[in-house]
Undergrad: 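Provided herewith is a single structure, encoded as structure tokens, for subsequent inquiry.
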Amino acid sequence: MNKTSLFSRFARLMSRMLGHPLAFGIAALIIVVWLICGPIFHFSDTWQLFINTGTTIITFLMVFLIQNTQNRDSEAMQVKLDELIRALKQADNTILDSENLTEQELKQLQEHYSQLAQHALSRLPHKNATPPTR
């Protein structure tokens, strides 16, 4: 169960490291050093190209790390939700695989649950009262 791919472990480690405040501080420091070097290099095209190239490469790579982490988190959350639905006796188990439905099927499912919510609200003693906010 704990067998994850090398890339997944790497992505998780990088996500933790790059999401840390220290990583932001280092990135900000790099920008400050780059700005200080501007007058030294006479704000040349090479000076600008250096930061543009660096940030483009980092951004390109980060997209894949972020997407991998997001996919893994979404899948784990879906499994947990599926288990909660499955564990409840009164739950509608047909929605367990709802992440694989088409847009139209999802819209129909949403309309169904909106109708159920409206029906439940109409049965409340104070149906004109506003629901509590969180």
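We use all heavy atoms of the structure for the numbers below, so side chains are in, but hydrogens, waters and symmetry mates are not.
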Undergrad: Any pair with a residue in residues 76-102 that passes salt bridge (charged side-chain N to carboxylate O under 4.0 Å, His left out), sequence neighbours left out, goes on the list, sorted by first then second residue, please.
TA: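 Output for this query lists Glu83-Arg86.
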Undergrad: Does one hydrophobic cluster hold both Leu101 and Leu81, with members joined at side-chain heavy-atom distances below 4.5 Å?
TA: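 Each belongs to a different hydrophobic cluster.
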Undergrad: Less than 3.5 Å apart, any donor N or O on the side chain of Asn71 or Gln67 sitting next to an acceptor on the other?
TA: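 Present: a donor and an acceptor within the cut-off.
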Undergrad: Could you give the distance from CG (Leu61) to OG1 (Thr56), rounded to the nearest 0.5 Å?
TA: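 That separation rounds to 11.0 Å.
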Undergrad: Please tell me if the side chains of His112 and Gln108 come closer than 4.5 Å, counting only heavy atoms from C-beta onward.
TA: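 His112 does not reach Gln108 side chain to side chain.
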Undergrad: Could you work out, with side chain to side chain donor-acceptor pair (under 3.5 Å) as the rule, every residue matching Thr53, not counting sequence neighbours?
TA: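 Result, side chain to side chain donor-acceptor pair (under 3.5 Å) vs Thr53: none returned.
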Undergrad: Quick check: do Ser74 and Gln70 have side-chain heavy atoms less than 4.5 Å from each other?
TA: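 Contact flag for Ser74/Gln70 side chains = yes.
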Undergrad: Judged by atom type as modelled, is there a donor-acceptor pair below 3.5 Å linking the side chain of Ser15 to the main-chain atoms of Ala11?
TA: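 Absent.
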Undergrad: Among all residues two or more places apart in sequence or in another chain, which pass the side chain to side chain donor-acceptor pair (under 3.5 Å) test with Asp73?
TA: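 Per chain and number, Asp73 pairs via side chain to side chain donor-acceptor pair (under 3.5 Å) with no residue.
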Undergrad: Name every donor-acceptor pair, under 3.5 Å, that has one atom in a side chain of residues 22-50 and the other anywhere in the protein, sequence neighbours excluded.
TA:
unit_1	atom_1	unit_2	atom_2	d
Trp34	NE1	Trp47	O	2.8
Ser44	OG	Phe41	O	3.4
Ser44	OG	Thr46	N	3.4
Ser44	OG	Trp47	N	3.2
Trp47	NE1	Trp34	O	2.7

Undergrad: Excluding sequence neighbours, so at least two apart, what forms side chain to side chain donor-acceptor pair (under 3.5 Å) with Arg72?
TA: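 In terms of side chain to side chain donor-acceptor pair (under 3.5 Å), with neighbours along the sequence ignored, Arg72 is linked to Asn68.
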Undergrad: Going by salt bridge (Lys or Arg N to Asp or Glu O under 4.0 Å), name the residues that satisfy it together with Arg12, two or more places apart in sequence or in a different chain.
TA: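 Testing Arg12 for salt bridge (Lys or Arg N to Asp or Glu O under 4.0 Å), a comparison that skips the adjacent residues, returns none.
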Undergrad: How many angstroms lie between CG in Leu116 and OG in Ser114, if you round to the nearest 0.5 Å?
TA: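 Taking CG in Leu116 and OG in Ser114, the distance rounds to 9.0 Å.
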Undergrad: Among residues two or more places apart or on two chains, list those pairs meeting salt bridge (charged side-chain N to carboxylate O under 4.0 Å, His left out) that have a residue in residues 105-121.
TA: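 Qualifying pairs: none.
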Undergrad: Among residues two or more places apart or on two chains, list those pairs meeting ring-ring contact (aromatic ring centres under 6.0 Å, His included) that have a residue in residues 55-90.
TA: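 Sorted pair list: Phe60-Phe64.
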Undergrad: Go through the structure and list residues passing side chain to side chain donor-acceptor pair (under 3.5 Å) with Thr55, not counting sequence neighbours.
TA: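 Partners of Thr55 by the side chain to side chain donor-acceptor pair (under 3.5 Å) criterion come out as none, since no residue qualifies.
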Undergrad: Can you list the other members of the hydrophobic cluster that holds Ile58, where links are side-chain heavy atoms under 4.5 angstrom apart?
TA: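 So far as hydrophobic clustering goes, Ile58 is joined with Phe7, Phe10, Leu13, Met14, Met17, Leu18, Met62, Leu65, Ile66.
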